[in-house]
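Residue numbering restarts at 1 for every chain, and letters A, B, ... go by the order of the sequence lines. Scope of the values below: all heavy atoms of this structure, side chains included, with no hydrogens, waters or symmetry mates.
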Amino acid sequence: MARTITIDPITRLEGHGKVEIFLDDRGAVQDCFFQIPELRGFERFVVGRPIEELPRIVTRICGVCPASHHMASAKAVDGCFGNQVAPLAHKLRDMYYHAHYIHSHIAHFYALAAPDFVLGPDADPAVRNILGVVAKVGLEIGGKVIRARALAQEIQQILGGRFTHLVWCLPGGVSKGLTAGELEQIKPMVAELASFTTFSLQLFRDVVLGNPGYVDLILHGPYTLDVHNMGLVDADNAPNFYDGQVRVVDYEGREICRYEAKDYAQHVAEHVEPWTYLKFPYLKQRGWKGFKEGPDSSLYCATPLSRLNVADRMATPRAQEAFEEMYATLGGHPCKALLACHWARLVEMVQNAEMLERYCADPEITGTQYRVIPDRVTGEGVGIVEAMRGTLTHHYTCDANAICTSANLIVGTTNNNAPIQMVTKKVAQALIQPGKEPDNGILNMVEMAFRAFDPCYSCATHYLPGQMPLTVAIHKNGSLWRELRR
Amino acid sequence: MATNKLQVAIYWGAACGGCDVAVLDTNEFILDLAAAADIRFWPIAVDGKYSDVEAMADGELDLALFNGAVRNSENEHVAKLLRKKSKVLVALGSCAHMGGIPGLANLATKEEILLTAYLANPSVEPGNQTIPQARTAIDGMTLEIPYFFKRVFRLADVVDVDYFLPGCPPAPVQIRNVLLAVVKGELPPRGSVVGASDRALCDDCPRTKSEKKLKAFHRPYEIVQDPTRCLLEQGILCMGPATRSGCGVRCPNSNQGCRGCYGPLPGVTDQGAKFLSALASIIDSKDPKEIDEILAGLPDFIGLAYRFGLPASTLQRSYR
Amino acid sequence: MSFEPKIVGFLCNWCSYTGADLAGTSRIQYPPNINIIRVMCSARVEPDFVLRALAGGADGVLICGCHPGDCHYSEGNYKAMRRYPLLKTLLKEYGVDNDRVRLEWVSASEGQRFADIVTDMTERVRALGPLRLKTDLQTDRVER
Ligand code: SF4
Ligand code: SF4
Ligand code: SF4
Ligand code: FES
């Protein structure tokens with residue numbers, strides 16, 4: 001039966017994230033769309049700007065992970081100058097980036113994910129937030145969390161001169177080094193953060209693992225997908241956030257490909273759909289095959305869990321222990337349970353803190369050779385880092401006068417766009433069945449799915465992570481039947 | 001609602017989220033704020049109930065902080081909604097204040113932006129001909145996304161704004177001070193810039209300054225900047241003379257030039273034009289040919305002088 | 001209907017305004033398209049004055065000051081001289097043709113020179129056609 005669906009064009013434009021669900025005659029889910037309503041156009045408007053300015057422009061793609069864009073951009077710009085970079089600068093940038101990771105992971109885990117775990121998914125939405133968490137776990141722990149995030153920000157401030165929207169990286173290095181006095185200031189902060197990461201793992205054990213219901217939800221809920229994994233690794237196949245090679249493994253652990261930043265365009269392509277501003281990356285050599293799971297799928301996730309799934313080990317000892325514990329509990333490596341992303345984040349944070357400790361003990365770190373002046377413009381560069389929310393690629397070209405002539409960006413969350421579509425549909429199908437009235441429960445379910453990815457539409461377009469205003473519209477028999485919002 | 005607590009909402013348009021992080025960066029103050037105010041709506045940290053905002057009475061909110069520029073029909077819609085529901089509407093951050101970095105898009109056309117993102121870039125699916133549409137019909141299903149405006153607007157272009165709190169992002173201590181002023185009812189006259197100084201950034205910059213006289217400009221990739229001397233005197237561009245202070249001299253303290261995110265000085269409407277005058281006055285030459293040579297070392301003046309405020313400038317966009 | 005350019009002229013009080021006056025009293029013919037604003041010195045012409053004139057509907061802007069070395073305030077016109085190329089660069093980046101804005105030195109005795117400049121500029125701007133920034137700014141808002 002032919003069906004026409006009309007929606008009043010003017011009234012449907014509000015709400016940020018928008019899910020459209022279409023039901024067939026029987027009332028079963030026919031299709032489901034997660035739409036991203038925005039685009040800001042950075043790829044176009046950086047053209048014409050001096051290439052060395054890009055690292056301080058692209059930070060504004062995302063204020064939650066500005067350092068990811070800054071670093072990826074800096075590396076792409078270095079490429080435009082023949083990759084002449086002071087070795088010390090790479091160390092300093094990596095050090096900064098670990099502190100940045102800790103800030104972002106704390107914000108995500110405690111402010112966005114913890115409310116579900118600590119207060120329970122059924123808690124009153126009015127208290128299901130960070131303030132509610134503080135009320136439940138006590139001001140002491142709340143204060144500890146706030147302080148830990150502030151310390152991570154402070155370390156960045158000392159190292160790079162500012163935290164949000166840093167302006168530190170320049171072709172060939174960084175604009176300022178780390179003095180011995182600054183290092184002494186940082187050391188106790190790092191020690192405190194290191195113990196905070198241990199504390200966070202313990203909290204997770206107590207609160208989440210101590211509750212069999214949650215473990216069951218993680219492992220057996222509808223939150224699994226048979227798609228592949230992407231992440232950056234070092235030569236030993238341990239996760240590296242600032243540098244390394246991109247590795248893609250399938251959901252059973254077999255390597256699909258491994259590539260250098262400069263070869264990204266042979267391996268990843270982006271599909272466009274007319275109904276969303278956000279593109280859908282896929283593995284180019286497999287071709288776009290639609291929103292399909294399974295061994296032949298061309299889709300992949302790039303999440304904290306994916307990063308650990310593509311890794312064989314962690315780079316540091318305490319993180320390695322946490323890694324082994326996690327996979328032992330989850331039933332082996334790799335793991336498909338999307339909700340385990342939250343745990344993976346804490347494991348990563350342990351490595352971040354240990355790496356900071358390592359840099360603090362590095363006698364070279366306070367050196368003064370943090371910058372070289374490049375002697376030629378070579379005109380093209382690709383920079384890849386692991387943003388907290390997925391593999392981030394910046395690819396630039398410039399002319400002989402070092403003016404940007406093109407820019408291509410594949411940002412963290414975008415990688416996960418197709419998996420998010422799919423898991424949303426899965427949840428909708430699990431919840432909406434013929435003859436069953438959908439209620440606000442669907443919102444929580446959908447939300448928990450995408451919160452595992454920590455999708456940052458700030459990055460992808462601009463939306464904030466976590467609790468974005470969400471509209472779920474359900475259409476039946478050609479017209480809008482139910483609309484759920486928050 | 002029987003409460004005399006301050007009713008607050010924080011929301012965004014075309015933004016990066018950095019302004020919200022800056023609010024979080026007030027750290028412990030967040031807890032004080034939560035005690036003094038009902039945060040009715042703040043998607044990054046508090047469970048947002050969008051429908052609640054629509055259900056509010058007009059003027060029910062005491063304060064709304066809006067960050068981000070106005071890029072599409074949805075941003076405009078939300079801006080108008082919050083204007084209606086709030087007694088005091090604050091443009092938070094450079095994007096809401098002046099268009100911000102997203103405002104650089106006004107140097108390109110809407111068509112160029114869409115073509116680049118969806119057709120031209122090297123990682124786009126080979127053979128792709130699709131560009132997102134405001135309205136799409138698939139198998140009888142119709143899907144809509146907001147309409148992408150032909151250019152970027154600042155908040156004050158679409159609604160009346162009571163206060164402007166500049167910065168990209170605003171310094172957390174400034175946000176804190178403004179919120180305290182709201183709580184105490186100590187706000188200056190409507191239309192004011194708040195959370196910033198009336199001095200120029202140079203006045204607060206700790207670098208050593210002498211007479212500014214320039215024979216050449218240098219691109220930052222060409223030289224190592226001396227961390228103690230005025231950058232402009234070294235021939236490194238810095239917008240300090242044409243920028244309001246208040247950020248804590250963040251960029252010069254990172255050994256980099258200012259790009260003007262705190263906006264123009266009091267009484268100045270066009271920050272870029274003001275910067276132009278400031279630069280002209282330090283060029284050390286009276287010979288037109290030499291002046292041209294000196295200026296040749298300075299590419300993309302528009303992208304520099306209006307890094308954070310093209311939509312707020314006198315001409316607002318490119319006319320190419 | 002043929003297009004009549006609107007040109008705003010910022011003339012320094014001490015030389016150029018007097019020069020323009022001389023053109024008038026000497027009955028030298030020049031196009032009526034220029035609207036003259038007297039300023040104390042060419043240095044008084046803030047770059048934003050020019051931008052505002054264009055945004056307000058002008059098709060061209062002429063700035064006139066004393067010859068180098070003759071500025072009543074000794075250095076004012078050098079300031080104008082240094083601003084001008086930067087302003088032209090900026091306007092070009094905005095997509096405004098450089099022939100629409102011009103800086104010239106006109107002394108009190110150069111009535112003929114003033115008339116020639118205005119004639120030449122009017123013809124150049126006429127050839128370029130209307131600028132329409134004012135209309136564009138207004139329609140942008142309506143069409144979004
Ligand atoms: S002003 Fe800066 S920090 Fe705030 S939303 Fe805009 S880009 Fe982000
Ligand atoms: S121009 Fe920049 S570096 Fe120089 S004093 Fe002003 S703010 Fe400081
Ligand atoms: S130095 Fe300038 S660009 Fe940097 S934060 Fe301060 S006002 Fe903004
Ligand atoms: S007084 Fe004529 S240019 Fe200065």
Side-chain angles (χ1 to χ4, degrees), chain A residues 3-5 7 12-15 20 22 33 35 37 40-41 43-45 48-50 52 57 60-64 111 125 128-131 146 150 160-162 164-165 167-168 170-171 175-176 265 268-272 274-277 288 371 403 408 410 458 462 464 467-469 485-486, chain B residues 14-18 20-22 25 27-28 34 43-51 71-74 77 101-102 104-105 107-108 112-113 116-118 121-125 128 130 132-133 136 140-146 168-169 219-221 224 227 250-251 253-256 299-300 303:
Chain A
R3 297 143 59 79
T4 30
I5 294 174
I7 306 166
R12 300 287 348 279
L13 293 179
E14 73 268 2
E20 300 274 357
F22 294 89
F33 302 87
Q35 294 174 279
R40 280 177 300 166
E43 290 162 320
R44 181 60 185 75
F45 69 69
R49 314 284 80 78
E52 73 275 15
I57 294 176
R60 273 68 179 194
I61 291 170
C62 178
V64 185
R128 196 150 38 84
N129 57 48
I130 180 68
L131 301 170
I146 288 175
R162 58 185 287 188
T164 302
H165 299 330
V167 297
W168 188 40
L170 281 167
S175 64
K176 69 176 277 294
V268 176
E270 296 173 286
H271 173 76
V272 183
W275 44 268
T276 176
Y277 284 114
W288 173 254
R371 175 100 195 274
I403 301 297
N408 187 28
I410 305 176
S458 216
H462 85 285
L464 290 174
Q467 320 242 352
M468 53 179 192
R485 292 182 184 188
R486 65 163 178 82
Chain B
C16 79
D20 291 82
V21 172
D25 283 326
N27 298 325
E28 292 79 6
I44 194 175
V46 177
D47 227 345
K49 290 183 286 287
Y50 190 73
S51 48
R71 170 81 262 189
N72 66 25
S73 52
E74 174 183 88
H77 175 83
I101 280 189
L104 283 175
L107 294 172
E112 286 168 339
I113 289 171
T116 303
Y118 300 110
N121 268 341
S123 56
V124 168
E125 183 174 4
N128 178 57
T130 305
Q133 307 290 326
T136 309
M141 302 175 280
T142 303
L143 291 160
E144 296 189 30
I145 43 181
C168 181
R219 299 267 296 269
Y221 73 83
V224 172
R250 283 189 296 215
C251 299
N253 285 344
S254 308
N255 203 16
Q256 294 269 45
D300 186 36

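At a threshold of 4.5 Å between non-hydrogen side-chain atoms, the residues B/Leu107 and A/Arg49 count as touching.
Shown here are the ring pair (Phe, Tyr, Trp, His ring centres under 6.0 Å) partners of A/Trp275, two or more places apart in sequence or in another chain: A/Phe33, A/Phe280. Under the rule for a salt bridge (charged side-chain N to carboxylate O under 4.0 Å, His left out), A/Arg162 has no partner lying at least two apart in sequence or in another chain.
In this structure, chain A has heavy atoms under 4.5 Å from both the backbone and the side chain of B/Asn27. The contact between B/Ser254 and chain A is made by backbone and side chain atoms together, counting heavy-atom distances below 4.5 Å. Heavy atoms of B/Pro227 lying under 4.5 Å from chain A are absent altogether. For B/Leu104, the parts sitting under 4.5 Å from any heavy atom of chain A are the backbone and the side chain alike. With a 4.5 Å cut-off on non-hydrogen atoms, A/His165 touches chain B through its side chain but not through its backbone.
Chain A forms the most heavy-atom pairs under 4.5 Å with one residue out of B/Asn255, B/Asn121, B/Thr136, and that residue is B/Asn121. Most heavy-atom pairs under 4.5 Å with chain A, from the set B/Pro220, B/Cys251, B/Gly303: that is B/Pro220.
B/Asp25 contributes atom CG, which lies 11.5 Å from atom CD1 of A/Ile146 (distance to the nearest 0.5 angstrom). Rounded to the nearest 0.5 Å, atoms CD1 (A/Ile410) and OG (B/Ser123) are 3.5 Å apart. Once rounded to the nearest 0.5 Å, the distance linking CZ of A/Arg44 with CD of B/Glu112 reads 4.0 Å. The structure places CD of A/Glu52 at 4.0 Å from CZ of B/Arg219, a figure rounded to the nearest 0.5 Å.
Within the 3.5 Å criterion, the main-chain N or O of A/Val167 finds a donor-acceptor partner in the side chain of B/Gln256. The backbone N or O of A/Tyr277 lies less than 3.5 Å from a partner atom in the side chain of B/Tyr118, making a donor-acceptor pair.
The minimum heavy-atom distance between A/Thr164 and B/Gly18, with the atom names listed, is CG2-CA, 4.2 Å. Residues B/Val224 and A/Arg371 approach most closely at CA-NH1, 3.9 Å, considering heavy atoms. Residues A/Val272 and B/Pro132 come closest through the heavy atom pair CG1-CD, 4.0 Å.
Side-chain atoms of B/Thr116 and A/Glu43 include no donor-acceptor pair closer than 3.5 Å.
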